[in-house]
Amino acid sequence: ARITGDKGEVSFAAALRGTLPKYYEVIEKPPKLKIYSEGKGICPDAKIVNSNTGKSLYIEKKTGNNGGNAHQRVCLYGMRGIKRHTRRVDPSVVEEPFFMVFSGATFQRKEYQDKLKVDLEGENYAIMEPEFTNINKVAKQIMEIV
């Protein structure tokens, strides 16, 4: 799962980097967001920075090909406290600091798409089509946010 996940993160970042205008920077593996005591925190997969505005957005990318619970693990990024403390430690982030991205065979299934629609209602997320054929649409979503 870790190998599949890492490959999905890198390939999504590359696709996004090739699609967004040059004034957007895609930072893979940004520093840990130290939102808990004793330097503990969370590690989103990427950070998008708009150099024209100075605003940023964190990306959490999940890849699944054999079912699993990645869609449940990502829900922590929708928690009010996580968002508030992220804005505290990184004032450059937009009001809704996280954008969740799902790809792979798992997320092409109706049952998973239905779960995401309910579980992430009101959150910023996208389900990638195979081979990232909808990357332009997702890039546009991101540009509207940051």
Side-chain angles (χ1 to χ4, degrees), residues 1-65 68-104 106-108 112-146:
R2 180 74 265 165
I3 292 169
T4 299
D6 287 345
K7 183 179 175 186
E9 292 166 17
V10 170
S11 59
F12 176 73
L16 196 56
R17 193 176 287 115
T19 306
L20 289 170
K22 297 298 180 207
Y23 56 90
Y24 284 92
E25 180 183 7
V26 179
I27 302 166
E28 295 178 59
K29 303 289 184 202
K32 179 193 318 181
L33 294 167
K34 297 177 182 178
I35 60 173
Y36 303 116
S37 63
E38 300 178 17
K40 295 192 181 344
I42 57 175
C43 299
D45 298 316
K47 182 178 182 178
I48 310 299
V49 180
N50 179 332
S51 62
N52 286 349
T53 65
K55 293 295 185 181
S56 65
L57 175 71
Y58 287 97
I59 304 288
E60 182 62 18
K61 169 71 174 62
K62 296 297 181 195
T63 305
N65 290 320
N69 67 346
H71 63 291
Q72 293 168 333
R73 292 192 322 270
V74 81
C75 286
L76 77 96
Y77 291 97
M79 298 175 88
R80 211 174 18 229
I82 300 280
K83 292 178 185 182
R84 184 168 52 81
H85 286 279
T86 296
R87 288 189 297 271
R88 179 182 52 82
V89 299
D90 184 356
S92 77
V93 296
V94 292
E95 182 65 22
E96 292 295 326
F98 300 106
F99 190 93
M100 293 150 276
V101 179
F102 303 89
S103 69
T106 297
F107 299 108
Q108 301 308 306
Y112 280 89
Q113 291 183 8
D114 288 347
K115 286 178 184 178
L116 291 175
K117 185 176 181 179
V118 171
D119 294 350
L120 298 178
E121 183 177 306
E123 299 296 329
N124 295 317
Y125 78 95
I127 299 171
M128 299 308 303
E129 295 172 0
E131 308 300 320
F132 297 135
T133 56
N134 61 333
I135 191 68
N136 288 329
K137 180 180 175 188
V138 174
K140 183 177 179 187
Q141 279 181 269
I142 289 170
M143 290 169 58
E144 289 172 359
I145 297 167
V146 65

Work out which heavy atom in [X] is nearest to a heavy atom in [Y]; give both atom names and the distance.
X: Lys32; Y: Gly39; answer: NZ-O, 3.4 Å
X: Arg87; Y: Pro97; answer: NH1-CD, 3.9 Å
X: Ser103; Y: Met128; answer: CB-CB, 3.8 Å
X: Cys43; Y: Glu60; answer: O-OE1, 4.1 Å
X: Pro30; Y: Pro44; answer: CD-O, 3.5 Å
X: Val138; Y: Phe99; answer: CG1-CE2, 4.0 Å

Under 6.0 Å from the NZ atom of Lys117, do we count more than 12 heavy atoms belonging to anything else shown? no
Inspect the surroundings of CD in Glu144 and state if more than 12 heavy atoms from other residues, nucleotides or ligands are less than 6.0 Å away. yes
Report the residues that fulfil salt bridge (charged side-chain N to carboxylate O under 4.0 Å, His left out) with Glu129, sequence neighbours left out, ordered by chain and then residue number. none
Whether Phe107 and Phe102 hold their rings parallel, tilted or perpendicular, with breakpoints at 30° and 60°: tilted
Would you call the rings of Tyr58 and Phe98 parallel, tilted or perpendicular, taking 30° and 60° as the class edges? tilted
Donor-acceptor list for residues 15-22 side chains, cut-off 3.5 Å, not counting sequence neighbours:
unit_1 : atom_1 : unit_2 : atom_2 : d
Arg17  : NH1    : Glu28  : OE2    : 3.4
Arg17  : NH2    : Val26  : O      : 3.0
Arg17  : NH2    : Glu28  : OE2    : 3.1
Thr19  : OG1    : Ala15  : O      : 2.7

N/O donor-acceptor pair under 3.5 Å between [X] side chain and [Y] backbone:
X: Ser51; Y: Tyr23; value: yes
X: Asn50; Y: Thr53; value: yes
X: Gln141; Y: Asn136; value: no

Using side-chain contact (heavy atoms from CB on, under 4.5 Å), reason through Glu96 and Glu123 one step at a time and then give a plain yes or no. CA-CA 8 Å; Glu96 292 295 326; Glu123 299 296 329; 4.0 Å; yes
Of Leu57, Ile59, Asp90, Leu33, which meets side-chain contact (heavy atoms from CB on, under 4.5 Å) against Lys47? Asp90
Please step through side-chain contact (heavy atoms from CB on, under 4.5 Å) for the pair Leu76 and Met79, ending with a clear verdict. CA-CA 5 Å; Leu76 77 96; Met79 298 175 88; 4.0 Å; yes
